[in-house]
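A quick write-up on the structure given underneath.
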Amino acid sequence: MTPEPQRLQYLEAMGLTAWVSRYRLPNALPTPECEWAPPAPEAAAAAPGERLHALLDEAAQAQVATPREAPAEPEPSQRPPAGPGKARALLGDMVPTTEAEPAPEAVAARPVQRAGEALRFTLQVACLDGRWLILLPQEAAPGAIEVRLLRHVLQAAGVVPEQMPAFEAFRWPQVEGLPVEAPVEEAREGLQAFLAGRRRRGWVPERLLVFGNDAVLDELLALVEAHCPLLALPAWQGPALESLAGSAEAKRALWPRMAGWRQAWEAGHAPD
């Protein structure tokens with residue numbers, strides 16, 4: 001059974017507003033309790049970074065106030081866990097620390113994703129006439145030059161939608177501070193929930209087009225032989241629109257890769 005915080009996060013990804021009652025009506029069953037305590041009515045909601053800083057400060061005060069026994073001599077291969085100072089450095093609040101900096105090769109060997117942390121990514125999403133899904137792995141919406149280039153690329157391939165769609169951003173996680181058990185699976189379910197919510201707008205994707213490369217998105221989609229198992233769609237991935245806009249050679253190399261788009265668009269199915 002999905003915990004209440006995760007359920008609310010998926011509903012938000014779908015664009016649905018969840019309502020939780022504040023008062024119990026006469027003869028009504030009690031509302032199931034959530035996994036967090038409700039904030040005080042007069043307290044203003046703090047930003048995620050501020051809440052994390054406050055938790056770090058409380059943890060540091062608790063360590064100072066609580067006497068601890070002398071720890072046993074650690075094994076040479078063991079390394080003490082990172083404290084609040086390390087977390088503040090990750091947040092950009094650079095607090096001086098005596099911890100030695102790791103060697104460059106050690107940094108390169110670290111995995112990008114840490115256990116218990118949510119995957120973080122931002123996508124710009126659009127759907128051509130509700131049929132062909134377009135994903136741009138980038139923070140900002142495409143500019144006028146990129147949109148015009150996309151329209152020309154589609155026209156050159158024989159794909160002419162009734163109108164160019166507007167891009168909308170999808171960011172993960174939708175809610176900060178939630179416990180994470182399976183980062184990749186939860187992010188995949190969040191993306192699926194987002195697309196399921198867009199079905200109310202008439203989105204029924206037949207094909208996936210990805211312009212650009214991103215390590216996190218590549219892990220989520222896991223494209224294999226021009227197919228996306230996550231979305232059960234035939235898929236195509238090419239260079240980012242920004243790269244295409246600045247390179248005539250990239251445009252020429254793109255042309256043969258669009259073979260068959262016209263037939264697929266007109267027939268309503270993806271090319272082999």
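Every heavy atom of this structure was used, including side-chain atoms; hydrogens, water molecules and symmetry mates were not. The first residue of the sequence shown is numbered 1, and numbering continues consecutively from there.
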(request) Apply side chain to side chain donor-acceptor pair (under 3.5 Å) to E168 and list each qualifying residue two or more places apart in sequence or on a separate chain. (result) R198, R201
(request) Determine yes or no for a side-chain-to-main-chain donor-acceptor pair under 3.5 angstrom, with R131 supplying the side chain and W265 the backbone. (result) yes
(request) Please confirm whether the backbone N or O of G143 pairs with a side-chain atom of E146, one donor and one acceptor, at under 3.5 Å? (result) yes
Would you tabulate the side-chain donor-acceptor contacts of residues 241-249 under 3.5 Å, counting partners in other chains and residues two or more places apart, or write 'none'?
{"residue": "S247", "atom": "OG", "partner": "A250", "partner atom": "N", "Å": "3.0"}

(request) Could you check W236 against V210 for side-chain contact (heavy atoms from CB on, under 4.5 Å), going step by step and ending with a plain yes or no? (result) CA-CA 6 Å; W236 176 94; V210 181; 5.9 Å; no
(request) First locate atom CG of D214, then atom CZ of F121, and finally report the distance between them rounded to the nearest 0.5 Å. (result) 9.0 Å
(request) Might you work through the side-chain contact (heavy atoms from CB on, under 4.5 Å) test for I134 and L150, ending with a clear yes or no? (result) CA-CA 10 Å; I134 300 179; L150 176 61; 4.1 Å; yes
(request) State, to 0.1 Å, how close A264 and W132 come at their nearest heavy-atom pair, and which atoms those are. (result) CB-CZ2, 3.9 Å
(request) Locate the shortest heavy-atom distance separating P142 from F167; write the atom from each residue and the value. (result) CG-CD1, 3.5 Å
(message) Working to the nearest 0.5 angstrom, can you tell me the gap between L178 CG and Q174 CD?
(response) 10.5 Å
(message) Could you check whether any side-chain N or O of R188 sits under 3.5 Å from a backbone N or O of L220, counting only pairs where one atom can act as donor and the other as acceptor?
(response) yes
(message) To the closest 0.5 Å, what do you measure between NE2 (H152) and NZ (K251)?
(response) 11.0 Å
(request) Determine yes or no for a side-chain-to-main-chain donor-acceptor pair under 3.5 angstrom, with E162 supplying the side chain and D129 the backbone. (result) no
(message) If we ignore hydrogens and angles and just use 3.5 Å, is the side chain of R200 paired with the main-chain N or O of G197 as donor and acceptor?
(response) yes
(request) Kindly confirm or rule out a cation-pi arrangement of R120 over W172, judged by NZ or CZ under 6.0 Å from the six-membered ring centre and within 45° of its axis? (result) no
(message) How long is the straight-line distance from CG of L191 back to CG of L119, given to the nearest 0.5 Å?
(response) 11.5 Å
(request) Determine, step by step, whether Q124 and E139 satisfy the side-chain contact (heavy atoms from CB on, under 4.5 Å) criterion, reporting the C-alpha distance in whole Å, the side-chain angles of both residues, the deciding distance to 0.1 Å, and the verdict. (result) CA-CA 7 Å; Q124 303 299 325; E139 289 286 337; 5.7 Å; no
(message) Are L136 and I145 connected into the same hydrophobic cluster when the rule is that any two of I, L, V, M, F, W, Y join if their side-chain heavy atoms are below 4.5 Å apart?
(response) no
(request) Hey, could you give me the CG/CD distance between L233 and E206, rounded to the nearest 0.5 Å? (result) 9.0 Å
(request) Report whether L128 and V160 are members of the same hydrophobic cluster (ILVMFWY, side-chain heavy atoms less than 4.5 Å apart, transitive linking). (result) no
(message) So L230 and Q192, do their side chains get closer than 4.5 Å, heavy atoms only?
(response) yes
(message) I want to check something: taking the side chain as every heavy atom from C-beta on, are L133 and W203 in contact at a cut-off of under 4.5 Å?
(response) yes
(request) Locate the shortest heavy-atom distance separating P229 from L221; write the atom from each residue and the value. (result) CD-O, 3.7 Å
(message) Are V147 and V125 linked, directly or through intermediate hydrophobic residues, by side-chain heavy-atom contacts shorter than 4.5 Å (ILVMFWY only)?
(response) no
(message) Between Q237 and D218, is there a side-chain donor-acceptor contact under 3.5 Å, judged purely by atom types and distance?
(response) yes
(request) Indicate the atoms forming the closest heavy-atom contact of P179 with E186, along with that distance. (result) O-OE1, 4.3 Å
(message) If you compare all heavy atoms of A166 against all heavy atoms of A126, which two are closest, and at what distance to 0.1 Å?
(response) O-CB, 3.9 Å
(request) Test side-chain contact (heavy atoms from CB on, under 4.5 Å) on L135 and L209 and set out the steps. (result) CA-CA 6 Å; L135 299 184; L209 304 180; over 6 Å; no
(message) Hydrophobic cluster membership, with links at side-chain heavy-atom distances under 4.5 Å among I/L/V/M/F/W/Y: are V204 and V159 in one?
(response) no
(request) Quick one: pull up CD in Q138 and CZ in F211 and give me the separation to the nearest 0.5 Å. (result) 11.5 Å
(request) Identify the heavy atoms of P137 and L217 that sit nearest to each other, and give their distance. (result) CB-CD2, 3.8 Å
